[in-house]
Amino acid sequence: MCGIFAYTGKVGKEAGGVLLDGLLSLEYRGYDSAGIFLPEAGSVRTPGAVAELRKKIPKDFKGKSGIAHLRWATHGEPTEKNAHPHADCEGEVWVVHNGIIENFKELKEKLLAEGHMFKSDSDTEVLAHLVEEHLKHEKSFEKAALAALNEVRGTYGIALQYKKEPDRIIAARMGSPIVLGLGDGEHFIASDPSPILPHTKKVVFLEDGEVAVITPDGHKIFKLDSTNVKREATHIDWSVEESQKGGYEHFMLKEIMEGPQVIEDTLRGRLIADEGMAKLGGLESVANELKNIERIIIVAQGTAYIAGLVGEYMLEEYAGVPVEVEYASEFRYRSPVLNQKTALIAISQSGETLDTLEAVREGKRKGALTLGIVNAVGSTIARETDAGVYNHAGPEISVASTKALISQLAALVLFTLFFGRQRSMGVKTAKEIIAELKTLPKKIETILKSEETIAALAKKYANNRDFLFIGRKSNYPIALEGALKLKEISYMHAEGYSAGEMKHGPIAMIDEHFPTLAIATVGSVYEKMVSNIHEIKARKGPVIALATEGDKEIGKLADDVIYVPETIEMLSPILNVVPLQLFAYYFAKEKGLNVDRPRNLAKSVTVE
Ligand code: F6R
């Protein structure tokens with residue numbers, strides 16, 4: 001996720017140095033380009049790292065205030081021209097922004113018609129021009145900025161600066177965090193406290209819909225409707241590292257906790273609820289080809305492959321398209337029979353997994369339409385596929401993939417709606433799915449509140465050496481994911497099985513030392529899962545059941561129960577995976593392992 005840092009002071013500090021050091025402590029968020037603006041010195045931007053930016057900065061780049069940014073691309077490739085800060089036509093108004101301006105296209109058209117000249121493909125640039133436009137009529141920078149902010153829709157954390165008022169910086173928040181740092185003769189704005197903490201521990205967190213103005217001597221906060229806000233400062237004792245993790249002990253936990261936000265971000269602007277449609281701008285260029293698709297092949301590795309397996313259930317049942325899911329590493333070495341009526345969907349968080357990339361290339365050679373569900377904007381898979389959808393999950397830092405899977409599953413629901421409505425899916429069904437989809441963030445929040453119960457269970461079972469996960473239908477892949485997470489961060493022997501397969505071999509392993517986590521939430525296979533649990537209990541196997549809130553029967557059968565809110569069967573994997581992620585996390589933590597950096601694993605596997 002992009003990082004913002006802004007500084008204004010009168011205590012003799014060099015703003016350029018303060019801002020560059022601050023950017024270094026935001027690097028953990030992941031980014032693809034960096035930039036800085038000082039009203040007294042100008043701007044420098046570059047694709048790549050903060051170290052590159054530092055190299056490009058001239059010796060006389062000096063000033064008392066400025067704004068800086070690390071960009072994680074959303075609109076436009078990660079190039080110098082798209083890096084922030086962005087400016088208006090005259091280079092007077094400068095802006096750094098995290099988030100997405102949803103109505104940027106219409107605003108840009110209006111501004112172009114008014115004669116504004118754009119230099120980038122970024123949605124952010126409209127903000128600088130909007131402020132410039134309002135400065136023609138408003139008396140002050142503050143008023144012009146407020147008028148501009150009232151015109152934009154979407155999510156933002158913003159810092160704005162005006163060359164003619166160099167010591168004043170304006171910040172605003174709508175869905176993307178902003179924190180103010182209150183020093184003595186100096187003030188700060190940042191997207192999280194980490195760059196502020198070396199200077200002051202006194203901070204104020206903005207709420208959505210709030211605007212703040214900082215000068216060296218003070219700050220003020222007001223709402224978008226100009227009413228004043230009084231907020232006490234908070235004293236935070238976090239170290240820089242703790243702050244980067246949002247106060248959580250590990251990135252993995254922070255990323256699991258981001259689940260509700262990730263769903264919102266993946267769905268944002270992509271649902272037309274009253275028509276029961278998904279609007280996927282990234283697929284528009286291939287809209288005609290998609291109508292003629294007769295078969296889908298999903299290729300991916302690891303957790304992304306598991307997302308694909310869940311997608312298979314959704315797409316076949318609701319869109320009526322035949323789907324095959326294959327490890328990209330296998331696909332690329334056989335001779336797949338493909339044609340122009342085949343869509344090959346590559347799912348990848350990093351967009352750089354070599355096997356997945358090679359499977360895309362193989363698909364292209366054989367004439368398939370290639371599509372991507374990718375998190376990292378501008379990554380190789382995103383560039384090489386014919387079209388695709390970005391996850392907008394923000395960078396995932398922990399090696400074990402958690403929030404990316406949540407967003408991949410949400411994206412696959414969007415694909416299902418998209419393909420389904422082109423084919424057999426009726427508007428009623430689509431509307432029901434959309435209505436339920438919108439409830440998922442709140443339901444995930446409820447699950448996250450059972451963190452302590454899940455941590456206690458992980459402690460109870462931490463001395464076991466083996467673990468089995470079982471599920472059926474689209475929760476069978478979730479059983480695979482539960483096992484994969486436990487293997488990769490706890491180094492445990494864990495297996496994921498389709499519950500129906502138990503009797504054909506795996507049940508032989510069951511005894512009182514071999515626990516099973518059984519996914520038995522309500523749905524068409526609930527009774528079958530209950531029978532499987534009976535079979536395990538008859539062999540003295542301990543069982544943790546994942547069940548739907550209100551299921552009183554399961555507690556009589558299983559040794560332990562984790563409850564999740566009810567949802568429709570199609571969407572249940574999105575909820576059910578969350579407790580399994582937490583379980584694996586607490587299991588590894590209990591064993592004192594390096595959760596975020598498990599042995600032998602890399603975040604992005606760019607070798608065979
Ligand atoms: C599991 C995990 C890996 C990745 C796999 C694919 O937690 O992180 O299994 O899911 O390496 O990576 P991407 O999605 O980047 O292609």
Side-chain angles (χ1 to χ4, degrees), residues 30 32 72 250-256 258-259 262 266 298-311 325-332 344-361 370-385 388-412 469 477-492 494 496 577-578 580-585 587-588 593-608:
D32 46 52
W72 166 267
H250 296 100
F251 283 112
M252 182 178 174
L253 186 58
K254 174 175 181 254
E255 286 160 7
I256 296 172
E258 279 168 22
V262 162
T266 306
I298 298 177
V299 288
Q301 295 295 141
T303 291
Y305 166 80
I306 284 162
L309 289 176
V310 177
V325 189
E326 191 161 350
Y327 283 121
S329 51
E330 293 302 317
F331 177 87
R332 59 183 286 210
L344 181 127
I345 306 180
I347 306 179
S348 176
Q349 187 285 126
S350 62
E352 301 295 347
T353 299
L354 186 69
D355 284 316
T356 311
L357 175 61
E358 287 301 334
V360 168
R361 290 176 176 160
T370 58
L371 307 174
I373 298 180
V374 173
N375 194 32
V377 175
S379 56
T380 314
I381 295 175
R383 283 186 276 113
E384 292 203 13
T385 39
V389 164
Y390 283 121
N391 290 113
H392 296 314
E396 195 175 56
I397 294 166
S398 180
V399 166
S401 188
T402 53
K403 67 172 180 173
L405 173 61
I406 300 285
S407 74
Q408 285 156 353
L409 295 176
L412 282 160
F469 290 80
I478 298 305
L480 297 181
E481 175 65 2
L484 177 61
K485 282 282 124 3
L486 208 55
K487 279 185 265 211
E488 62 179 329
I489 59 168
S490 306
Y491 320 143
M492 275 274 292
V577 77
V578 178
L580 303 199
Q581 293 173 340
L582 282 172
F583 186 69
Y585 169 76
F587 214 97
L593 296 170
N594 187 345
V595 175
D596 286 331
R597 297 256 164 269
R599 69 185 183 201
N600 307 341
L601 293 175
K603 182 67 189 152
S604 173
V605 185
T606 52
V607 290
E608 262 198 78

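Every heavy atom of this structure was used, including side-chain atoms; hydrogens, water molecules and symmetry mates were not. In each ligand, atom 1 is the first atom listed, and ligand 1 is the first ligand listed. If you read the sequence from its start, that first residue is 1, and numbering goes on from there.
- Contact shell of ligand 1 (protein heavy atoms, cutoff 4.0 Å): Gln301, Gly302, Thr303, Ala304, Ser348, Gln349, Ser350, Thr353, Val399, Ala400, Ser401, Lys485, Glu488.
- Defined by atom type and a distance below 3.5 Å, a donor-acceptor pair is missing between the side-chain atoms of Thr370 and Glu384.
- Proximity of a side-chain donor or acceptor of Glu358 to a complementary backbone N or O of Arg332 within less than 3.5 Å is not detected.
- Of the candidates Asn600, Leu593, Leu486, Leu593 is the only one forming a side-chain contact (heavy atoms from CB on, under 4.5 Å) with Tyr491.
- Checked by atom type and distance alone, the side chain of Gln301 never pairs as donor or acceptor with a backbone atom of Tyr327 at under 3.5 Å.
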- Message: For Asn391 and Thr266: C-alpha separation, side-chain torsions, deciding distance, then whether side chain to side chain donor-acceptor pair (under 3.5 Å) applies.
- Response: CA-CA 5 Å; Asn391 290 113; Thr266 306; 5.3 Å; no
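- The one candidate from Glu258, Glu396, Glu255 that meets the salt bridge (charged side-chain N to carboxylate O under 4.0 Å, His left out) condition with Lys403 is Glu258.
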